[in-house]
Amino acid sequence: TVDCPLPKRAEHLAAGGVLPHGLPSAVHAELVAADREIRPGGPLPGDTDGDAERHDDELIDVFAADIRDFVRRHDLAGAVVVNVASTEPAPDDDSLPPSSRYAAAALRAGCPYVNFTPSAGLHHPALAPLAEASGLPYAGRDGKTGQTLLRSVLGPMFLQRALAVRAWSGTNLLGGGDGAALADPATAAAKNAGKERVLADTLGTTPEGEVHIDDVPALGDWKTAWDHIAFDGFLGARMILQTTWQGCDSALAAPLVLDLARLVARARERGLSGPLGELGFYFKDPVGDGPSSLAEQYAELRR
Ligand SMILES: NC(=O)c1ccc[n+]([C@@H]2O[C@H](COP(=O)([O-])OP(=O)(O)OC[C@H]3O[C@@H](n4cnc5c(N)ncnc54)[C@H](O)[C@@H]3O)[C@@H](O)[C@H]2O)c1
């Protein structure tokens with residue numbers, strides 16, 4: 001986990017051209033106040049290795065108490081929990097990964113939950129019955145902000161014009177913390193599964209091709225994504241579309257996180273519960289059985 005104070009982090013972002021100059025100093029006091037609210041997760045070095053299940057349960061209790069304490073001290077009507085932590089490798093046994101402990105704590109504290117990452121979160125067999133019994137709304141997984149956003153627009157175009165896609169390949173160069181986390185092949189596999197699902201869902205078939213992610217720290221918060229799409233037109237005429245996406249990841253993600261926090265809070269107010277498929281517009285691998293083309297997802301969100 002990162003221990004850089006938020007005001008410092010904001011200065012880095014301004015120096016990198018992500019935030020307007022002068023903004024970090026204008027909101028310095030707010031950032032210091034937010035920093036003071038950060039609590040350590042766990043397990044931490046030195047935590048005892050007792051019976052694993054009990055250990056998880058204790059941690060979840062501590063996290064839930066932190067959330068309730070936050071709500072009480074600030075005299076809030078409620079809180080929402082949004083997971084924006086580093087992507088985890090897919091779990092290879094039944095134990096709860098950190099994202100699932102935080103998700104369980106959200107339920108225990110009575111909070112709606114959003115998973116902006118491809119990590120397990122609520123999507124864990126041990127949590128499914130708890131999620132259902134909680135009566136809380138939840139949304140996820142993995143924010144759709146770049147390459148997959150573009151795929152969810154282009155995929156339906158090929159299908160609707162009956163242009164048969166033969167292969168769809170992609171490469172990403174990214175820096176920042178996400179680039180470093182995704183340099184690990186197991187973690188990248190969790191991420192790429194969501195990107196590939198969008199193609200299978202919008203095209204109705206799985207084209208050839210893979211997605212690769214390279215960590216290029218020098219790029220900082222900017223990401224370059226190339227897609228190469230081989231498709232057939234009338235009488236089998238062979239064609240290629242290539243796209244280059246150069247996006248600032250944090251600037252693309254931040255407004256989505258704000259929207260989601262507001263929308264799930266509203267859903268809770270209105271008494272909605274369970275998976276919010278209407279929020280599929282925001283995700284690579286949405287909960288529920290909503291449409292997968294961006295236009296239909298937007299219509300569903302508005303409805
Ligand atoms: N456009 C986007 O930025 C975008 C889009 C979709 C999904 N995501 C996902 O959002 C997540 C965050 O992306 P980022 O670029 O901000 O990454 P980042 O590396 O900059 O930030 C990750 C943060 O998670 C914290 N963290 C790691 N493990 C933790 C744990 N166990 N408990 C608490 N905190 C922990 C780190 O300290 C760090 O502050 C990633 O999973 C990424 O895949 C981002």
_For the CZ atom of R166 and the CD atom of E208, what is their distance to the nearest 0.5 Å?_
8.5 Å
*Show your reasoning for whether salt bridge (Lys or Arg N to Asp or Glu O under 4.0 Å) applies to D57 and R108.*
CA-CA 11 Å; D57 204 57; R108 204 168 283 185; 2.9 Å; yes
*State, with a plain yes or no, whether a side-chain heavy atom of V165 is found less than 4.5 Å away from one of I229.*
yes
_Main chain of S95, side chain of H124: is a donor-acceptor contact present, judged purely on distance under 3.5 Å?_
yes
*Measure the spacing between CG of N172 and CG of D249 and express it to the nearest 0.5 Å.*
9.0 Å
*Mind telling me whether F63 and Y102 have parallel, tilted or perpendicular rings, with 30° and 60° as the class edges?*
tilted
*Is there a side chain to side chain contact (heavy atoms under 4.5 Å, CB included) between F158 and L203 once you walk through the steps?*
CA-CA 8 Å; F158 285 108; L203 299 173; 4.2 Å; yes
*Would you find a donor on one side and an acceptor on the other, under 3.5 Å apart, between the side chain of E88 and the backbone of S99?*
yes
_Students often mix this up, so state it plainly: with edges at 30° and 60°, are the rings of Y298 and F281 parallel, tilted or perpendicular?_
tilted
*asked:* So which atom in L260 and which in V114 form the shortest heavy-atom distance, rounded to 0.1 Å?
replied: CD1-CG1, 4.0 Å
_Walk me through whether D221 and R9 qualify under salt bridge (Lys or Arg N to Asp or Glu O under 4.0 Å)._
CA-CA 12 Å; D221 271 281; R9 176 73 188 131; 3.6 Å; yes
*Has the side chain of T202 got a donor or acceptor atom that lies under 3.5 Å from a matching backbone atom of V198?*
yes
*Rounded to the nearest 0.5 Å, how far does OG1 of T171 lie from CD of Q147?*
8.0 Å
*Taking all heavy atoms of G170 and all of D227, pick out the closest pair and write down the distance.*
CA-OD1, 3.4 Å
*How far apart are the C-alpha atoms of V264 and Y113, what are their side-chain angles, what is the distance that settles it, and do they pass the side chain to side chain contact (heavy atoms under 4.5 Å, CB included) test?*
CA-CA 8 Å; V264 297; Y113 173 80; over 6 Å; no
*asked:* Check this for me: W226, atom CH2, are more than 12 non-hydrogen atoms of other residues, nucleotides or ligands nearer than 6.0 Å?
replied: no
*Under the 4.5 Å side-chain heavy-atom rule for ILVMFWY, direct or indirect, which residues accompany L6?*
L13, V18, L19, L23, V27, L31, I38, W222
_If you define the side chain from C-beta out and look only at heavy atoms, does anything of L59 sit under 4.5 Å from H55?_
yes
*Indicate yes or no for a side-chain donor-acceptor contact from D232 to the backbone of L163 under 3.5 Å, with no hydrogens or angles considered.*
no
*Using a distance-only test with no angle check, is there a side-chain donor-acceptor pair under 3.5 angstrom linking Y282 and D259?*
yes
*Considering all heavy atoms, the nearest A79-P112 contact*: O-CD, 3.4 Å
*Going by heavy atoms in the side chains, are L263 and L301 under 4.5 Å from each other?*
yes
*With L76 as reference, evaluate R72, H74, R73 under the side-chain contact (heavy atoms from CB on, under 4.5 Å) test and give the passing residue.*
H74
_From I60 atom CD1 to L107 atom CG, the distance as rounded to the nearest 0.5 Å_ = 9.5 Å
*Where the side chain of E132 meets the backbone of G274, is there a donor-acceptor pair that is under 3.5 Å apart?*
no
_Which atom of W168 lies closest to which atom of L154, heavy atoms considered_ = CH2-CB, 3.8 Å
_Give me the atom names and distance for the closest heavy-atom approach of V287 to A139._
CG2-CA, 4.3 Å
*Linking Ile, Leu, Val, Met, Phe, Trp and Tyr by side-chain heavy atoms under 4.5 Å, what else ends up with L235?*
F234
*asked:* For G110, is there any backbone N or O sitting under 3.5 Å from a side-chain donor or acceptor partner on R68?
replied: no
_Closest heavy-atom pair and its distance - R151, S169_ = NH2-C, 4.0 Å
*At what distance, to the nearest 0.5 angstrom, does CH2 of W245 lie from CG of L252?*
5.5 Å
